[in-house]
Amino acid sequence: MVALDVGAKLHESGKLTAPIKSIQDKYELLPAFLKVRGLVRQHIDSFNYFINQEIKKIVRAKGNEKVTCDSDPNFYLKYTNVFVGAPSHLDDYVVKDITPQQCRLRDMTYSAPITVDLEYTRGKEIVIKKGGRNPGEGAVLIGNLPLMLRSDRCVLKGKNEKQLAKLGECPLDPGGYFVVKGAEKVVLIQEQLSNNRIIIDTDKNGAVTASVTSSTHERKTKTNMVINKGRICLRHNTFQEDLNILVVLRAMGCQSDAEAMLHIGCEPAFEPLLAATLQDARQPGQVGPQRATQLAALEWIGSKVKQSSQSRGFGGGQRRAGSSTRSRTDEARDLLANVIVCHIPCPRYDFQEKVIYLAEMVRRMLLAMVDPRHIDDRDYYGNKRLELAGGLLALLFEDLFKRMNQELRKLAEKDLAKRQSNFDAAKNIRPEIISLGMESAISSGNWTIKRFRMERKGVSQVLSRLSFIAAIGMMTRISSQFEKTRKVSGPRALQPSQWGMLCPADTPEGESCGLVKNLALMTHVTTNDEEAPLAELALQLGVQPAAAVGPAERHARGMALVLLNGSIVGVHRNAPALVDAFRRLRRAGLVGEFVSVTLDGPTVHIASDGGRVCRPLIICDAGVPRVTAVHTAKLRAGDWGFRDLLREGLVEYLDVNEENNALVAMYESACGPATTHLEIEPFTLLGVVAGLIPYPHHNQSPRNTYQCAMGKQAMGNVAYNQLNRMDTLLYLLTYPQKPLLTTKTIELVNFDKLGAGQNATVAVMSYSGYDIEDAIVMNKASLDRGFGRCIVLRKHSAVVKKYQNRTVDRIVSPSQAGLDKRRRNREGLLDTDGFCSPGEVASPNDILVNRQTPLNTKDVVPGMGHGDAALKDGDYKPSPLAWKGPPGQNVVVDKVLLTNNEEGHTVIKVLLRHTRRPEVGDKFSSRHGQKGVVGTIVQQADMPFSERGICPDLIMNPHGFPSRMTVGKMLELLGAKAAVCSGRLHYGTAFGEGAGLADNVGSISETLIQHGFSYSGKDTVTSGIGGAPLEALIFMGPVYYQKLKHMVLDKMHARARGPRVVLTRQPTEGRSRDGGLRLGEMERDCLIGYGASMLLLERLMISSDQFEVHVCTHCGLMGYYDARLKVAVCPSTKSPDHMASMKLPYACKLLFQELQSMNIVPRLHLAEA
Amino acid sequence: MQRSGHRRIPQVDVRKLDHKYCEFVLSNTDASAANALRRVMLAEVPTIAIDLVEIEINTTVLNDEFIAHRLGLIPLVSHAVHGMKSVFEGADEEDFMEVELSLSVRCMSEGTLDVTSNDFLLDPLHPEVHPIGYVPPGQPVDRSRVEPGILIVKMRRGQELALRAVARKGIGRDHAKWSPVATAVFQYMPGVMINRALMDTLTEAQKKDLCASDPSHMLEYNDVTQQVEVHNVEAYHYDGECLAKAVEMKKEGVLVIKQLQDKFIFRVEGTGVLPAQDVVATAMDVLIAKLRNLQEALPQDDEAG
């Protein structure tokens, strides 16, 4: 508080009443921040934490470190160290270094070996294996870990642009994803409720409940405190029923109810609330006073344990053996010690800390009952934790590591049971358990963790490479664990506590609206920080251990409870002083920069756990920002980085909880004596994707949200290495531009280097009627000159397989003679080597790779493997890779790649290219959620023109504006027009007009007037068709337009006749199968209503689905035609008599037959015949 | 043909004329005629442009279609177009229909090599068809004086581009690459009428205000005569600012501004393919040919009725 006091005095004395000079270029902090942190730093940090620290902790954890076995008590295997090496790959028994680009092209996994140092017994001797061939490497391989790009072990780490180019990597690519089996996979950030924190909530009846999800390395359990019939009870799913909390406390060693009450607190308001609980605890039928002893209480609790959990045991693998003989008392004690609120340690069954913790839970409940304001908000973002790739992989790794050790023990058990076994444990470690487990989890996205019984789907996703922004947007995405189907608005709503941490605009529409979120520009997600030093520090700063203070004193006025990551450290007499001391230490760099200290009523929360969201803010002393122009000048000159600001204590990270103790001023002008912090820049509250929108603060908010969804579908450039990639589908714009009206975010994320759109001159007017309903009219000459032109690249791949019988697929040169003309035509693209040659134009059904497969791939072929002459040409059947496109669409072979994949198969990848110019029906959008399709394309001569000869590239209907209220788009047009005139890019950064990060309308209009335009952006325009001047002035200027990936060419579909399904003889379904267009029930109703029912009969039955059957008039069953007798016969009597023939729909016949197969006999009674 | 009482004789008054730019005033006609002329200049004056590209070698970063599209947009000097026939007009083998250019560049040096329109090898039969600003390869280039040529693609060491390009005659309606002009526009001559009587009721300050209100500075206050004078009528772009000012001064009608319906200022900016003068002249010819065509197609009921 000292600094604050001084500041306050200064303020009073009038020294600071002089107007505060604004910090020059406060914005400069942002590029400095992004230079240090990058856009996807949270992913990389969490992964680095995993490979550098957490993996060591896991391997050294109590349950993991040592593998022992029952059959030989002397046997042990101890892991002494673990290392994650450099990315490499075993190629023909040779370890080779790999790069990410190689992995992408060769369908490999970019992974690094995990190696360990070991100490174990082999027979009588103790073997110590230490160190590998290279430093930083262990002796024994235990598995391969997919590496995150740009993490500490990645080859790309710390490389400059030139070196990256040499590795085939784009310098603008942010990294933070994995390459698994050639596919780029992102582990999405997962949001969940924080662990180890008491959360007070209400149940569906409105009763107050308290719950804690305790999470330790071994176990994850949820303990609830509920009100049952007026009593406060403990609820846990290992117990059959709710347990009176007083009995539980007794079982934990409280001598009397009075002591328990003292722990809870004796405020007068609590008395009536606790009466029922007390009474129940003394009831003779249940736990009368005679059971008041700890032992009796434990026995009673033991009787309530669920049978299933009794038999299952809960002490982990090793302890399971003796569980059958244990008494109920022991069992109850074990449960209380290890399962209930398991994150509170309970050394040697000393329950004291647990008693205090449970009492605190009860106390919080009672407080909430007295005053509902104490009820926590589940959606409050301070109660949320984000799980990142590193954390999720750590969970997975520990599970797989345990499984590997179990397997090892099983093997040891079996082998050591034999006499004179010389079991070498190091040779029996199976690395594929971890390798395959990791690889399959990341590539499928299914995270299965056995010990937590966790099963999550869709954790990892393929990195979207539709555009550069789509890829970056994916890296900042947060997915919530909440079910999408539940109809509650709470978790979906924008929470005030998300301010500055999550982007308020970037969320999808529809079912996952509000559940999928995106990080704001400056958000950082913390990683775990060591707890022990913090607890030690707290004690040194005057915290008294809770157990050392009497319960009555603990709840005394002025005493504050100190919690470290949700566990009680102790109490302190002067909480503000403690908090202040902690913060000063943090600013001095003596405590981790991400440790947060919050004073919340009479409680001090110290948090150092991972997954908290936080953001940097400028520290103010009594309203005077510590960052001054001197510092920003140093930043600009490059002498200082963001780290220096942190080190000097000018800037600090605040998490959501600590923000509650701060008064953050938006602008310097708003700083008052109570202000503690200053925002760095307001526009950082938006995310990366929303940052592309110019003037978003002038738009109606949902429009920004729409643009966030569409910005990810815009075509443009993907990366600098885009032409060397082999993506399944890649959309590129031929002439992408940087927007004339840009924002600071665009520059920071390099969107100006990898743009996705073009500056089109837009006239806002109605024209031709082909522009209704958001359609746009395009200028043909603009399209001729390359506007909206795009390249679609599609990959087709074939594998040359090796079979069990040692036969191999082969690729042969095209056959010259002996084939029919059609086949020869299909082989037109092929070179003599059997591959299509780049630059050739392929039409549908053309063969790209002339592959042949052996007819026999199962049985042993004599002589196989000794030269390839064993199979003759006749032993192969053709299995070519052909291009199956719609007729008439001709594509060009762009590239052919031949390589080996990890299994040693030859992989052939063929990239087909299609250049498209916009056509009617293609989708375009501006950056303001204003999408539209091309309605018509008009000759330039027919387009309206201004007197200067400016002719619009596209015309947009003015009806798009009033209801959408996208004022930002109008400002963009105006600003871009001024940018064109003046030759200077204009800015439209969010909330930037005040700070000079956005050009305001006034100055834009002045620029326009200077260059002879109207200040309003309107022009006098003459009709191109008739030459008459238009009466209205037309709002015309450049707007950045994006071409979206939805193009008619990929969607249009029509069919007259075509394929049918074999079973039903109905037309196939869907465009991909050239399916029919369904005339559904409603359409049928229309025709009947119109009176054209005979048309239906004729079209749907007689001309299409008619089928003739033979019916036996006696039994009513459908008969069949006997080809030998040349008559129709009855199926039951086999006689040709009484057979009649009739016509019915084939579907009807099928129905009858299917009914028959289910033992239902439909009989046909014919009126005639 | 003479039906109405008087026949208008359109007048052309050329103001500025150089190779690429032509400005003239067309008067004594109506908007439809002016617009027809503009449309023809944009879309129907034939020129020569590359229409077919056969790529032999392309190891550059840009793909074949990309380069072909860029080649098409290179303006070729099209004086020869008059002797040519387009694909639609051509009848027999002897017709002059195609000009064949070729390009073969290989980058042997470190650093980037710009492949420009100057790297083209011309058709020996038709050397007059060449990209604008063409300097034959090998000839010493005075970089300071000559434009560097139109960039086609950039190359790095080892990359190569070899192709054969066929240029044909065509019109801008088929593809914008055949359009001979960058812009061809006309402007209605504004007619500004000052109500002197009403103007005299204004104070000097008001007059000055009125002049200042127009962002295009069409009006000027003459300090000597103390009159508001029309200074640069063509600069006016109908934003209505001075009229609004007049209304604000409660002097509505002090200015009346109309677009004159029979006087048009044409501005034609050529691409260099044809001299601007030629563009206008050819456009007239095309227009006349069209009218003649129409006349021939119409039933000749003049004599009958």
Side-chain angles (χ1 to χ4, degrees), chain A residues 722-724 732 734-735 779-787 789 791 793 838-841 892-895 913-917 939-943 945-951 1005-1006 1008-1016 1018-1033, chain B residues 30-44 49 55-59 61-66 68-70 72-73 172-179 181-188 190 214-217 234-241 258-259 261 264-269:
Chain A
Q722 58 186 12
L723 296 176
N724 297 324
L732 303 172
T734 48
Y735 295 101
N779 183 340
K780 179 173 168 289
S782 308
L783 305 186
D784 287 343
R785 293 177 180 125
F787 177 74
R789 194 169 283 240
I791 304 166
L793 291 163
E840 291 283 355
V841 179
V892 184
V893 180
D894 191 68
K895 211 182 314 196
R913 169 193 354 126
H914 190 213
T915 307
R916 299 174 183 178
R917 57 181 277 162
Q939 288 287 341
Q940 187 187 354
D942 290 339
M943 279 296 211
F945 59 94
S946 80
E947 287 163 3
R948 292 163 179 253
I950 296 170
C951 180
S1005 291
E1006 265 171 40
L1008 285 177
I1009 290 170
Q1010 265 172 33
H1011 292 89
F1013 282 100
S1014 160
Y1015 67 90
S1016 60
K1018 292 180 189 169
D1019 288 317
T1020 330
V1021 156
T1022 311
S1023 161
I1025 301 172
L1030 298 189
E1031 262 177 54
L1033 297 175
Chain B
D30 59 1
S32 62
N35 195 41
L37 182 63
R38 182 192 69 92
R39 290 169 61 91
V40 169
M41 282 194 283
L42 274 175
E44 282 176 273
I55 297 202
E56 284 154 22
I57 306 166
N58 176 16
T59 53
V61 285
L62 300 188
N63 62 48
D64 303 353
E65 302 96 287
F66 206 136
H69 176 235
R70 292 182 69 84
L73 291 174
R173 195 170 50 191
D174 294 337
H175 195 283
K177 67 187 173 188
W178 279 302
S179 187
V181 289
T183 65
V185 279
F186 65 81
Q187 177 193 350
Y188 284 87
D214 181 37
S216 52
H217 309 296
E234 282 165 35
Y236 186 67
H237 41 68
Y238 304 97
D239 50 12
E241 288 301 312
K258 287 197 300 191
Q259 292 162 322
Q261 293 298 312
F264 309 95
I265 309 148
F266 268 83
R267 296 190 179 90
V268 179
E269 252 177 70

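Letters A, B, ... are given to chains in the order of the sequence lines, protein chains preceding strands, and every chain is numbered from 1. Just so you know, these numbers use all the heavy atoms, side chains as well, and skip hydrogens, waters and symmetry mates.
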*Asks:* Of all heavy-atom pairs between M943(A) and C951(A), which one has the smallest distance, and what is that distance?
*Replies:*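 Closest pair (atom of M943(A), atom of C951(A), distance): CB-SG, 3.4 Å.
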
*Asks:* Please determine whether a side-chain nitrogen of the Lys or Arg among E44(B) and R39(B) lies less than 4.0 Å from a carboxylate oxygen of the Asp or Glu.
*Replies:* no

*Asks:* Are R267(B) and E234(B) ion-paired here, with the side-chain N under 4.0 Å from a carboxylate O?
*Replies:* yes

*Asks:* For chain B, which candidate among L783(A), V892(A), D942(A) shows the most heavy-atom pairs at distances under 4.5 Å?
*Replies:* D942(A)

*Asks:* By a 4.5 Å heavy-atom criterion (distance strictly below it), what part of F264(B) contacts chain A: side chain, backbone, both, or neither?
*Replies:*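 When you check distances to chain A, no heavy atom of F264(B) falls under 4.5 Å.
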
*Asks:* Taking side chain as everything from C-beta outward and backbone as N, CA, C, O, which of these in D1019(A) sits under 4.5 Å from a heavy atom of chain B? Side chain, backbone, both or neither.
*Replies:*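 D1019(A) has no heavy atom closer than 4.5 Å to chain B.
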
*Asks:* Given heavy-atom pairs under 4.5 angstrom as the criterion, report whether the side chain, backbone, both or neither of D214(B) touches chain A.
*Replies:*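 For D214(B), there is no contact with chain A at all, as no heavy atom is under 4.5 Å.
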
*Asks:* Is any side-chain heavy atom of Q940(A) closer than 4.5 Å to a side-chain heavy atom of R785(A)?
*Replies:*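 In short, these two side chains touch, coming nearer than 4.5 Å.
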
*Asks:* Using the ring of each side chain (for Trp, its six-membered ring), is F66(B) parallel, tilted or perpendicular to Y735(A), with breaks at 30° and 60°?
*Replies:*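 F66(B) and Y735(A): perpendicular rings.
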
*Asks:* So, is the end of the R948(A) side chain (NZ or CZ) under 6.0 Å from the ring centre of F1013(A) and within 45° of the ring's axis?
*Replies:* yes

*Asks:* Counting only heavy atoms closer than 4.5 Å, note whether S1016(A) contacts chain B via side chain, backbone, both or neither.
*Replies:*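 S1016(A) has no heavy atom closer than 4.5 Å to chain B.
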
*Asks:* Answer with side chain, backbone, both or neither: which region of I791(A) has an atom nearer than 4.5 Å to a non-hydrogen atom of chain B?
*Replies:*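 The side chain, not the backbone.
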
*Asks:* Please look at H69(B) and chain A and tell me whether the side chain, the backbone, both or neither of the residue comes under 4.5 angstrom of a heavy atom of that chain.
*Replies:* side chain

*Asks:* Is it the backbone or the side chain of T1022(A) that comes under 4.5 Å from a heavy atom of chain B, or both, or neither?
*Replies:*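 The side chain, not the backbone.
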
*Asks:* Tell me, yes or no, whether the heavy-atom count around Y1015(A) atom OH, taken from other residues, nucleotides or ligands under 6.0 Å, exceeds 12.
*Replies:*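 Counting neighbours around OH of Y1015(A), 12 or fewer heavy atoms of other residues, nucleotides or ligands fall under 6.0 Å, so no.
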
*Asks:* Heavy-atom pairs under 4.5 Å with chain A are the metric here; pick the option from L42(B), I55(B), T183(B), N63(B) that has the most.
*Replies:*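 The residue among L42(B), I55(B), T183(B), N63(B) with the greatest pair count is N63(B).
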
*Asks:* Find the one option among T1020(A), D894(A), I1025(A) whose heavy-atom pairs under 4.5 Å with chain B are most numerous.
*Replies:*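 Result: the option with the highest number of such pairs is T1020(A).
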
*Asks:* For the candidates G1024(A), G839(A), A1028(A), S1023(A), which exhibits the highest count of non-hydrogen atom pairs separated by less than 4.5 Å from chain B?
*Replies:*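 Option with the greatest count: G1024(A).
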
*Asks:* Who wins among L723(A), T734(A), I950(A), I1009(A) for the most heavy-atom pairs under 4.5 Å with chain B?
*Replies:*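 Of the options given, most contacts go to T734(A).
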
*Asks:* Do the ring centers of Y188(B) and Y236(B) come within less than 6.0 Å of each other?
*Replies:*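 Between Y236(B) and Y188(B), which both carry aromatic rings, the centre distance is not below 6.0 Å.
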
*Asks:* So, do Q722(A) and L793(A) sit near enough that their side-chain heavy atoms are less than 4.5 Å apart?
*Replies:* no

*Asks:* Do you know which of R173(B), M41(B), E269(B) has the most heavy-atom pairs under 4.5 Å to chain A?
*Replies:* R173(B)

*Asks:* How long is the span from the CZ atom in R789(A) to the CZ atom in R917(A), to the nearest 0.5 Å?
*Replies:*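 Separation between the atoms: 6.0 Å.
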
*Asks:* Look up atom CG in L1033(A) and atom OH in Y238(B), then write down how far apart they are to the nearest 0.5 Å.
*Replies:*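 Between atom CG of L1033(A) and atom OH of Y238(B) there are 11.5 Å.
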
*Asks:* With only heavy atoms counted, which part of S782(A) is less than 4.5 Å from chain B, the side chain, the backbone, both or neither?
*Replies:* neither

*Asks:* Check each atom of E65(B) against the heavy atoms of chain A and say whether the ones under 4.5 Å are side chain, backbone, both or neither.
*Replies:*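 Both parts, backbone and side chain.
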
*Asks:* Please classify the contact of E241(B) with chain A as side chain, backbone, both or neither, using a heavy-atom distance under 4.5 Å.
*Replies:* side chain

*Asks:* What part of E947(A) is in contact with chain B, defined as an atom under 4.5 angstrom from a non-hydrogen atom: side chain, backbone, both or neither?
*Replies:* both

